[in-house]
Amino acid sequence: MTLDRSAGLTDTARALSDGEVSARDLVERTLARIEATQDVLNAFRVVRTEAALAEADAADRELAAGARRPLLGVPVAVKDDTDVAGEPTAFGCRGTHPVAAEDGEAVRRLRAAGAVIVGKTNTCELGQWPFTEGPAFGATRNPWSTDHTPGGSSGGSAAAVAAGLVPAALGSDGAGSVRIPASWTHLVGVKPQRGRISTWPRGESFQGITVNGTLARTVADAALLLDAASGNHALDPHRPPAVEASAAVGRDPGRLRIALSLKPPFTAFPARLRPEVRARIVELADRLAGLGHTVEEADPPYGRIGLTFVPRATAGIAEWVAEAPFPALLDRRTHGAARLGRLLGGAPLRAARRAEAALHRRIGAFFRTYDVVLAPTTAAPPPRIGAMLHLGGFATDRAMIAACPYAWPWNVLGWPGVNVPAGFAPGGLPVGAQLLGPAHSEPLLLSLAAQLEAELRWHELWPPQPEPERVTTAG
């Protein structure tokens with residue numbers, strides 16, 4: 001039999017467990033794909049060639065001895081805001097950064113599940129923007145159209161999965177940074193409940209608005225990586241009750257009450273849903289109605305939720321800048337955001353943190369009427385490479401909010417959201433939709449996403465890239 005780039009995380013893990021392929025073969029092919037595409041897609045900041053091959057050999061020895069773990073020998077990638085022992089964590093910044101002394105908790109758990117970490121994927125500077133470009137590494141490009149961005153800030157992870165370089169990858173989401181690139185590269189992107197996947201050694205990343213999440217081509221693969229990475233460090237401040245994400249994938253979600261929310265939450269700058277995106281979201285709503293769900297237009301009572309987001313986001317940037325080994329090399333926009341964060345880091349930040357409980361009550365009451373919110377993930381298709389790279393801070397904020405006004409409220413709330421592919425805009429650029437739920441609702445969202453996937457078969461569509469060489473397996 002053969003195992004090519006279309007084999008996802010679940011199929012790859014099964015083939016390894018059944019002895020149909022070796023971890024060494026898989027990792028060699030993965031590294032070859034990365035090398036073949038790096039000049040074009042530029043998905044990776046760090047490629048762990050020797051270390052990954054050594055880990056693959058160790059996995060093969062375990063498999064031969066009869067050991068079985070959920071991801072034993074499976075190649076995956078992680079975003080370069082996550083510590084991997086022996087590798088630098090540049091987080092999109094310029095300079096030669098010191099290597100991490102030990103794995104972050106999420107990476108430690110992936111290794112405990114048997115995963116082989118093949119590399120660290122590109123991200124924009126400190127994860128601030130919905131594009132993955134910068135002087136530190138160049139431009140990461142969208143496999144569906146290399147003239148366009150894959151989004152950000154987890155754009156490298158999204159590009160790597162969308163192109164079939166790895167079957168799944170870890171990203172992080174502070175204002176949509178998993179869901180936005182998933183939307184723009186035709187992937188499933190899971191932003192889980194705050195604390196579901198540890199962000200340790202930072203107990204709270206960006207004052208609690210940033211969480212780690214998963215990117216994959218199928219719901220089952222995103223759920224499997226979520227299960228493998230989930231769990232907490234002993235000192236984590238947020239420790240949600242465990243869920244079994246994979247078990248939810250095959251479960252009937254039942255007949256749900258779904259709120260179709262097309263109105264952007266209040267922002268300081270204007271945002272308008274582009275008609276080509278709106279059409280795809282409405283079509284998805286019709287599909288959900290056809291599956292037996294009740295769908296009606298309704299918007300969560302967001303109020304002035306943006307006033308609670310800005311202090312937390314900018315204070316988080318100020319914290320990272322204070323620790324940056326090369327502050328003089330940082331983008332002028334980063335310094336501007338850090339200055340604002342230092343101004344807002346006292347009483348405004350404390351007020352923003354206190355407001356979360358009231359937001360939970362008010363928006364939580366909406367879920368007494370509805371089970372799930374369906375909303376656009378972005379207001380527009382992916383922009384062209386360079387469209388936001390050289391803008392000033394004010395202009396970048398305007399452009400960013402115009403393109404991506406929908407995702408960030410769920411970061412303030414800390415609740416789960418799942419991007420699902422919603423089709424394509426004219427010209428073949430992907431767009432996505434969010435399934436949003438209340439606290440700890442990952443199982444419900446994943447079961448609904450899997451029901452849609454069975455109907456739409458989005459994972460069968462691939463970017464217009466040449467097929468890489470196939471892997472011939474034993475058996």
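Quick note: residue numbers are just sequence positions, from 1.
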task: Is it possible for you to check whether R179 lies under 6.0 Å from the centre of the six-membered ring of W408, through NZ or CZ, and within 45° of that ring's axis?
output: no

query: Does the distance from a Lys or Arg side-chain N to an Asp or Glu carboxylate O, for K120 and D80, drop under 4.0 Å?
result: yes

- prompt: Under 30°, 30 to 60°, or over 60°: which ring-plane class applies to F91 and W320, parallel, tilted or perpendicular?
  reply: perpendicular

query: When the ring planes of W200 and H233 are compared, do they come out parallel, tilted or perpendicular, using 30° and 60° as the limits?
result: parallel

- prompt: In chain order, what residues pass the ring-ring contact (aromatic ring centres under 6.0 Å, His included) check against H360, with sequence neighbours excluded?
  reply: W415

- prompt: Can you list the steps and then say if R24 with D57 is a salt bridge (Lys or Arg N to Asp or Glu O under 4.0 Å)?
  reply: CA-CA 6 Å; R24 176 83 187 199; D57 289 340; 2.9 Å; yes

task: Show your working on side chain to side chain donor-acceptor pair (under 3.5 Å) between T89 and D83 and close with a plain yes or no.
output: CA-CA 6 Å; T89 302; D83 286 348; 2.7 Å; yes

Stepwise side chain to side chain donor-acceptor pair (under 3.5 Å) test for D81 and T123: CA-CA 8 Å; D81 62 347; T123 173; over 6 Å; no

task: Establish, from distance only, whether the side-chain atoms of T377 and S183 form a donor-acceptor pair under 3.5 Å.
output: no

- request: Using distance alone, with no hydrogens and no angle criterion, decide if T199 and S205 have a side-chain donor and acceptor under 3.5 Å apart.
  value: no

- request: Would you check if the side chain of S447 reaches a backbone N or O of L444 as a donor-acceptor pair within less than 3.5 Å?
  value: yes

field: Criterion salt bridge (Lys or Arg N to Asp or Glu O under 4.0 Å) on R280 and E276, from CA distance to verdict
entry: CA-CA 7 Å; R280 301 291 84 77; E276 64 269 35; over 6 Å; no

- prompt: Do any N or O atoms from the side chain of E133 and from the backbone of G386 form a donor-acceptor pair under 3.5 angstrom?
  reply: yes

- request: Indicate yes or no for a side-chain donor-acceptor contact from Q207 to the backbone of E204 under 3.5 Å, with no hydrogens or angles considered.
  value: no

- prompt: Does a donor on one side chain sit under 3.5 Å from an acceptor on the other, for T378 and W184?
  reply: yes

- prompt: Taking only residues two or more places apart in sequence, or in another chain, which ones meet A13 in a side-chain contact (heavy atoms from CB on, under 4.5 Å)?
  reply: V74

- prompt: Hey, is the main chain of V211 close enough, under 3.5 Å, to the side chain of R194 for a donor-acceptor pair?
  reply: no

Heavy-atom donor-acceptor pair, N42 side chain to R141 backbone, under 3.5 Å: no

query: Just by distance, with hydrogens left out, do N212 and S172 show a side-chain donor and acceptor under 3.5 Å apart?
result: no

- prompt: So, the side chain of D173 versus the backbone of G176: is there a donor-acceptor pair under 3.5 Å, distance only?
  reply: yes

field: Residues that E442 engages under salt bridge (Lys or Arg N to Asp or Glu O under 4.0 Å), provided they are two or more places apart
entry: R196

message: Is the shortest side-chain heavy-atom distance between V166 and V118 below 4.5 Å?
response: yes

- line: Hits for side-chain contact (heavy atoms from CB on, under 4.5 Å) against A158, two or more places apart or cross-chain, chain-then-number order -> P181, T185, L187, L215

Distance-only polar pair, side chains of H293 and Q451, donor-acceptor under 3.5 Å: yes

Side-chain touch H440/P416, heavy atoms, less than 4.5 angstrom: no

field: Donor-acceptor under 3.5 Å (N142 side chain, W144 main chain)
entry: yes

task: Tell me whether the guanidinium CZ or amine NZ of R217 lies under 6.0 angstrom from the six-membered ring centre of W458 and within 45° of its axis.
output: no

- request: Without swapping roles, check the side chain of N419 against the backbone of Q434 for a donor-acceptor pair under 3.5 Å.
  value: no

query: Without hydrogens or angle criteria, can the side chains of S177 and K79 be said to hold a donor-acceptor pair below 3.5 Å?
result: no

task: Name all residues meeting the side-chain contact (heavy atoms from CB on, under 4.5 Å) criterion together with T218; count only those two or more places apart in sequence or in a different chain, and write none if there are none.
output: A220, D221, E453, H459

message: Taking E296's backbone N and O only, do any of them form a donor-acceptor pair with Y370's side chain (distance below 3.5 Å, no angle check)?
response: no

message: Any non-hydrogen side-chain atom of I197 less than 4.5 Å from a side-chain atom of L170?
response: yes

query: From L256 CG over to D371 CG, what is the distance, rounded to the nearest 0.5 angstrom?
result: 5.0 Å

message: I'd like to check I385 versus F131 (side-chain heavy atoms, cut-off strictly below 4.5 Å). Are they in contact?
response: no

message: Can you confirm whether N232 sits close enough to P240 that some side-chain heavy atom of one is under 4.5 Å from a side-chain heavy atom of the other?
response: yes

query: Short question: side chain of R69, backbone of A112 - any donor-acceptor pair under 3.5 Å?
result: yes

statement: For A222, the side-chain contact (heavy atoms from CB on, under 4.5 Å) test, sequence neighbours excluded, returns V188, V190, T214, A216

